[in-house]
Chemist: 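Have a look at this one.
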Number of protein chains: 2
Amino acid sequence: MVKQPNPARRSERSRQAILTAARELVSEVGYAKLSIEAIAARAGVGKQTIYRWWPSKGAVVLDAFLALSESGPEDSMTLPDTGDLEADLKVVMRATVAEFADPAFEGPIRALNTEIINDPALAAQYRARLAGPVEEAKRARLRSAQRAGQLAADADLDLALELLYAPLYQRWLFRSGPLTPAYADALVEVFLKAMRPDVDQLTDAQDSAKLEKSG
Amino acid sequence: MVKQPNPARRSERSRQAILTAARELVSEVGYAKLSIEAIAARAGVGKQTIYRWWPSKGAVVLDAFLALSESGPEDSMTLPDTGDLEADLKVVMRATVAEFADPAFEGPIRALNTEIINDPALAAQYRARLAGPVEEAKRARLRSAQRAGQLAADADLDLALELLYAPLYQRWLFRSGPLTPAYADALVEVFLKAMRPDVDQLTDAQDSAKLEKSG
DNA sequence: GTGTCAAGACGGAACGTCTCGTCTCGTGGT
DNA sequence: ACCACGAGACGAGACGTTCCGTCTTGACAC
């Protein structure tokens, strides 16, 4: 492992200026035409100061956006849980559709994803600090649904999440179809049909019946 | 439409040399470090000859790989259709998993996808000449299954295909999990559960068969 | 003769490395 | 308590390199 310089002596002013400049420039010229030189110039910072602390352009941009979402003290995110799984999921999926339609997010997120595909190290950072917590919240909601008997108890939650989100994500990333609230709803409905519990693994009342049968 | 030079006078020797050089170089140094200059040098071709006929690096690489898959006279591809939908799908999905695991395909395909995300024009080419025909074959197999009553007759086939392939594709593209034959099978099984026809829209023949099995 | 070709010169942009001289600390001697 | 010192991060930017996309030249083919 190549050792980094002493983080204690790092200039917080420079760090903030770099992240801010990166955020501004990615909005102004797009990610593809974003250069380290331009970030350094805009931030009033030496190029070496960027190369000293970040390994790549993608890492800077990732940090720039992480700094936004990590600003709030609410690190743990939770999803709606009204007890009505279908309604909750539709709310979340429609919100995701709306988020993807926002042109302000479109560019940077698309750029980050492009970079992540080809840079496993950056992908690990992304997963650990952004995607990971979100996915854990989704898993928690599905676990709650399992407890309520609305989802197969033995379902693979990773597979379930992929089933629910991958189609939406792919459609957005590759622009392979329209992203509408109706599509989000359809996805939730077909997802629920796939993950519905079998009749012989239900809760409470059915549980005692099952015990009788096995005994 | 920007007027192209006269294609009749185009040098086939140069074209082939360029495509071959592109294929070799993308394997040797990867797509990211692939340069037009290197392609021209390897092909023994002037840079202008490349710029004359292709708009971008991605277009050259796309053409290079299209030239491979279009070489055979079998333009129309068909998927196995033994009547057993589950078995057929598992064969195809396992084959897809194996293909994605091949390191020789990994690099170029990943590169093409990266480019396609950010270049809608290239994406259109890709869809029309590579992904399109494949997807149509998949749709045809699902339509056959609908006719056989193995799939809901009113199912949205585009949604169905996304449900089946997007999770696999996403796992590969973002390296977010292991790609195993068991995963392929699990995906097919949960897909079939989601797309199974409702009881009240079966034909007479399948209806009695289902009643017998469940009884 | 007109247009494509190979070859490569050209100006420009951005890369990543490398000095410079400055500024900011923590530490230790007094 | 003070302050001189040294380590090291800093802003600035020169440097050599790579690659871009355009342009020029002379050879060759239709």
Side-chain angles (χ1 to χ4, degrees), chain A residues 1-22 24-64 111 114-115 118-119 121-122, chain B residues 1-22 24-64 111 114-115 118-119 121-122:
Chain A
M1 183 140 183
V2 188
K3 223 30 210 160
Q4 282 220 329
N6 186 351
R9 313 193 57 166
R10 184 170 186 178
S11 161
E12 179 63 18
R13 171 185 308 277
S14 294
R15 187 178 152 271
Q16 288 298 343
I18 289 166
L19 296 182
T20 299
E24 290 174 4
L25 283 169
V26 86
S27 301
E28 291 173 20
V29 305
Y31 180 82
K33 319 189 92 171
L34 178 67
S35 70
I36 299 282
E37 304 218 31
I39 296 175
R42 168 78 60 104
V45 141
K47 283 204 292 177
Q48 194 60 251
T49 302
I50 298 181
Y51 284 114
R52 182 150 38 222
W53 299 110
W54 287 277
S56 68
K57 185 171 78 169
V60 178
V61 175
L62 176 59
D63 261 19
T114 314
E115 208 77 347
N118 298 303
D119 185 342
L122 187 63
Chain B
M1 197 71 159
V2 185
K3 46 135 202 261
Q4 283 232 330
N6 186 351
R9 313 193 59 165
R10 182 171 187 177
S11 161
E12 180 61 19
R13 173 185 306 278
S14 293
R15 186 179 154 273
Q16 288 297 343
I18 289 165
L19 295 183
T20 299
E24 290 174 3
L25 283 169
V26 85
S27 300
E28 291 173 20
V29 306
Y31 179 83
K33 316 191 95 170
L34 178 67
S35 71
I36 300 281
E37 305 221 348
I39 296 175
R42 169 78 58 105
V45 142
K47 284 201 295 174
Q48 192 61 40
T49 303
I50 298 181
Y51 284 113
R52 183 149 37 223
W53 300 109
W54 287 277
S56 68
K57 184 171 77 168
V60 177
V61 175
L62 177 59
D63 261 18
T114 313
E115 208 76 346
N118 297 305
D119 185 342
L122 187 62

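Heavy atoms only: backbone and side chains are in, while hydrogens, waters and symmetry mates are out. Per chain, numbering begins at 1; letters A, B, ... match sequence-line order.
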Chemist: Tell me which residues in residues 44-53 of chain A put a heavy atom below 4.0 Å from DNA chain C, sorted by number, or none.
Modeler: A:K47, A:Q48, A:Y51
Chemist: Counting only heavy atoms not in A:R52, do more than 12 sit closer than 6.0 Å to its CZ atom?
Modeler: yes
Chemist: Out of curiosity, A:L62 CG to A:L122 CG, how far, rounded to the nearest 0.5 Å?
Modeler: 5.5 Å
Chemist: Can you pull the contact range of chain A along DNA chain D, 5' to 3', using atoms under 4.0 angstrom from its heavy atoms?
Modeler: D:dA7 to D:dA14
Chemist: Please name the residue in the list B:K57, B:K47, B:R42 that meets the salt bridge (charged side-chain N to carboxylate O under 4.0 Å, His left out) test with B:E37.
Modeler: B:K47
Chemist: What distance do A:T20 atom OG1 and A:I39 atom CD1 have between them, rounded to the nearest 0.5 Å?
Modeler: 11.5 Å
Chemist: Could you list the residues that satisfy side chain to side chain contact (heavy atoms under 4.5 Å, CB included) with B:D63, not counting sequence neighbours?
Modeler: B:L19, B:W54, B:L66, B:R129
Chemist: What is the minimum heavy-atom distance between B:T114 and A:T114, and which atoms define it?
Modeler: CG2-CG2, 2.9 Å
Chemist: List the atom of A:A59, the atom of A:P55, and the distance in Å for their closest heavy-atom pair.
Modeler: CB-CD, 3.7 Å
Chemist: Side chain to side chain contact (heavy atoms under 4.5 Å, CB included) with B:A43: which residues, sequence neighbours excluded?
Modeler: B:A17, B:I18, B:A21, B:V45
Chemist: Does anything in residues 30-43 of chain A reach DNA chain C, meaning a heavy atom under 4.0 Å, and if so which residues?
Modeler: A:S35, A:I36, A:E37
Chemist: Provide, to the nearest angstrom, the distance between the CD atom belonging to B:Q16 and the C1' atom belonging to C:dA6.
Modeler: 18 Å
Chemist: Which pairs, protein N/O on one side and nucleotides 20-26 of chain C N/O on the other, fall under 3.5 Å?
Modeler:
residue, atom, partner, partner atom, Å
C:dT24, O2, A:R9, NH2, 3.2

Chemist: Check for me whether A:R15 meets the cation-pi criterion with A:W53, that is, NZ or CZ under 6.0 Å from the six-membered ring centre and within 45 degrees of the ring axis.
Modeler: no
